[in-house]
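Inspection log for the structure reproduced underneath, given as structure tokens.
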Amino acid sequence: MYERDHVSDTPTADAPTEAARRRRRAPLLVVGGIVTAALVAGALTIGGAFDGDGDSAAPTAHERPADGTPPPATSETPEPPSTVTRITRADVKALTDARTRALRDGDASAFVSGIDPANTELLSGQRRLLANLRLFPFAGAEFLPPTSLDVVQAADAGAYSHDMVIVFSHQLDGIDSEPVAETYTWTLSRASIDAPVRITKIVGSNATSNPTRPIRYPAAWDGDEVAVVEREHILLAVAATDRDRAAAWADRAELAAKRNAEAWHGPAITPRRFAVFVPTKRETVRGVLGGLTGSCELVTPARPGGGSMSPVGARVTFDGADTAFASSTNPDTGIGLIRRELAQAMVAQFAQSSLIGGGGRSRWVSEGFAYYLAGDDGFRNAARAELRAGRFSGKLPVDTDLLPNVKGDQAAGAGFHVSMLTIRYLAEKYGAAEADGFVVAMYANPASLDAAIKAASGLERAAFEAGWADYVRAEIGG
């Protein structure tokens, strides 16, 4: 119901063993200085589809020692003695290149070849990840290592472990206009100077400070075995246990997408297809949605400068237990929820991702448009109660009007309804194209309210607001 921004914490690293601490006689050194999480995806350079053999500049990855303490910044890193254990970028690149080739070829043995053979749980999970990834239509996909040369070195020839962020750069065919990023934290270990580098742990690691908003972990392919169903406008992923219901769910989402397209009269829209994930497992639902029933996650380019560019794709997630996906034979059952989240994915391209990363986007316009396009009057009673209590100010909404923890549930519900009525008023009085144009203008620059009103209605804000307030009172006052 309420859209939320991408939130996830970077996992903390495992602390080194006491024996490892005793072996270390000098501070850890990291080439290149401290790379902040905010620059992870901003420094990405994406190669071609399944092109993992070259040594082109790949995304800068956030690196930190296994004990979680930041490494010291240094302008130069001296060449380590030949008697120390170290993990180099060449070691990591060999692992990521092998994984990219294995994904391309569907080679499960090669995909897990760098994993500690004793870690049966990780091996099983990564084999399942490969099987899931192979179900999705990628125009390109590759695993990319950090760009640093000597990633980390130990103080002696003993065991050493290190955490680093690995980027899964991928582009869903027909959905993403260019590659986007998902990030994982790999724990790499070397038992001694002559031992092979092993992957001992892999976890999701989307950093909240990253302005390019990588897709939220877990993505559809990161959990249990999945099934994928495709329609003209929909790529729907569900747990394999929900395979029998997936076709009906895909049909319902397809109907929602078509109705939204028919209702849109604004500028040309880039996304013609939408990636939809419908989990039903409670643990997964809580992980990707929290307390929400649906969420549209915006993602931006995984290339240099991506943080200042418009979003290039969206991942739309729904709680499979919601009425939108109930076992009803009526295709209209709960379709409003699907239309609302797809509506936000439709116009995501018009948002400036630098504003998104900073909490920009005018939320009342975003939600108002979504409810308008879906024809959803679900908060009408709340709005009427607020009006009768004398709490309708006659002023256009602001984002805080939609926050239950600030205004209370009833007032927040009224805020959603009044926001929707703003877009509806524009459409009914000035035309659907003008209403859609207003939405686009506010996505591009949330601070442009007065100019957007003028462009859509020809009126200054005060005059527009007076007519709009009369319309709202008439709509909900009966």
Side-chain angles (χ1 to χ4, degrees), residues 6 40-51 56-59 100 103-104 133 135-144 167-183 206 210-216 219-221 228 230-237 253-254 256-258 260-261 264 266-277 295-317 341-357 360-361 366 369-370 436 439-441 443-445:
H6 180 119
V40 171
L44 298 180
T45 300
I46 302 306
F50 300 107
D51 181 12
S56 59
T100 296
L103 173 56
R104 177 194 62 202
L133 288 172
L135 297 175
F136 289 83
F138 290 115
E142 57 184 335
F143 292 87
L144 299 169
V167 173
F168 174 48
S169 167
H170 61 278
Q171 182 178 2
L172 286 170
D173 192 21
I175 295 173
D176 301 325
S177 58
E178 60 180 278
V180 298
E182 181 182 16
T183 55
N206 289 341
N210 191 333
T212 56
R213 298 169 63 92
I215 65 173
R216 184 193 302 171
W221 44 73
V228 174
E230 297 192 57
R231 296 291 183 264
E232 181 182 359
H233 300 94
I234 296 295
L235 173 69
L236 182 134
E254 177 70 16
K258 287 182 176 178
N260 278 6
W264 175 255
I269 291 180
T270 297
R272 295 297 180 183
R273 303 188 76 220
F274 304 91
V276 179
F277 179 32
S295 178
C296 170
E297 292 297 317
L298 308 182
V299 290
T300 49
R303 57 182 167 86
S308 62
M309 303 297 291
S310 297
V312 298
R315 303 293 183 271
V316 186
T317 305
E341 299 305 330
L342 292 183
Q344 295 192 13
M346 285 172 59
V347 295
Q349 62 172 319
F350 300 113
Q352 296 178 17
S353 62
S354 58
L355 293 174
I356 295 171
R361 243 180 348 133
S366 173
F369 167 71
D436 294 342
V439 172
V440 169
Y443 259 68
N445 183 4

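Closest of all the heavy-atom pairs between Leu103 and Ala141 is CD2-CB, 3.8 Å. When all heavy atoms are compared, the tightest approach of Ala370 to Ala343 is CA-CB, 4.0 Å. Between His170 and Ala181, the shortest heavy-atom distance links the atoms CE1-C, 4.4 Å. In terms of heavy-atom proximity, Pro267 sits nearest to Val440 at CD-CG2, 3.8 Å.
No side-chain heavy atom of Val180 sits less than 4.5 Å from a side-chain heavy atom of Gln171. Contact check for Leu172 versus Phe138: side-chain heavy atoms found under the 4.5 Å cut-off. Between Gln349 and Tyr443, every side-chain heavy-atom pair lies at or beyond the 4.5 Å cut-off.
A distance of 9.5 Å separates CZ of Phe136 from CD of Glu230, quoted to the nearest 0.5 Å. To the nearest 0.5 Å, atom CZ of residue Arg273 and atom CG of residue Asp173 are 8.0 Å apart. Interatomic distance, CZ of Phe274 versus CD1 of Ile175, reported as 9.0 Å (0.5 Å rounding).
Ring pair Trp264/Phe369: centre-to-centre distance below 6.0 Å.
In terms of the side chain to side chain contact (heavy atoms under 4.5 Å, CB included) criterion, residue partners of Ala253 (sequence neighbours excluded) are, by chain and number, Ile234, Ile338. Not counting sequence neighbours, the partners of Asp176 by the side chain to side chain donor-acceptor pair (under 3.5 Å) test are Arg315.
Between the side chain of Glu254 and the backbone N or O of His233, at least one donor-acceptor pair lies under 3.5 Å. A distance-only check finds no donor-acceptor pair linking the side chain of Glu182 to the backbone of Phe168 [under 3.5 Å].
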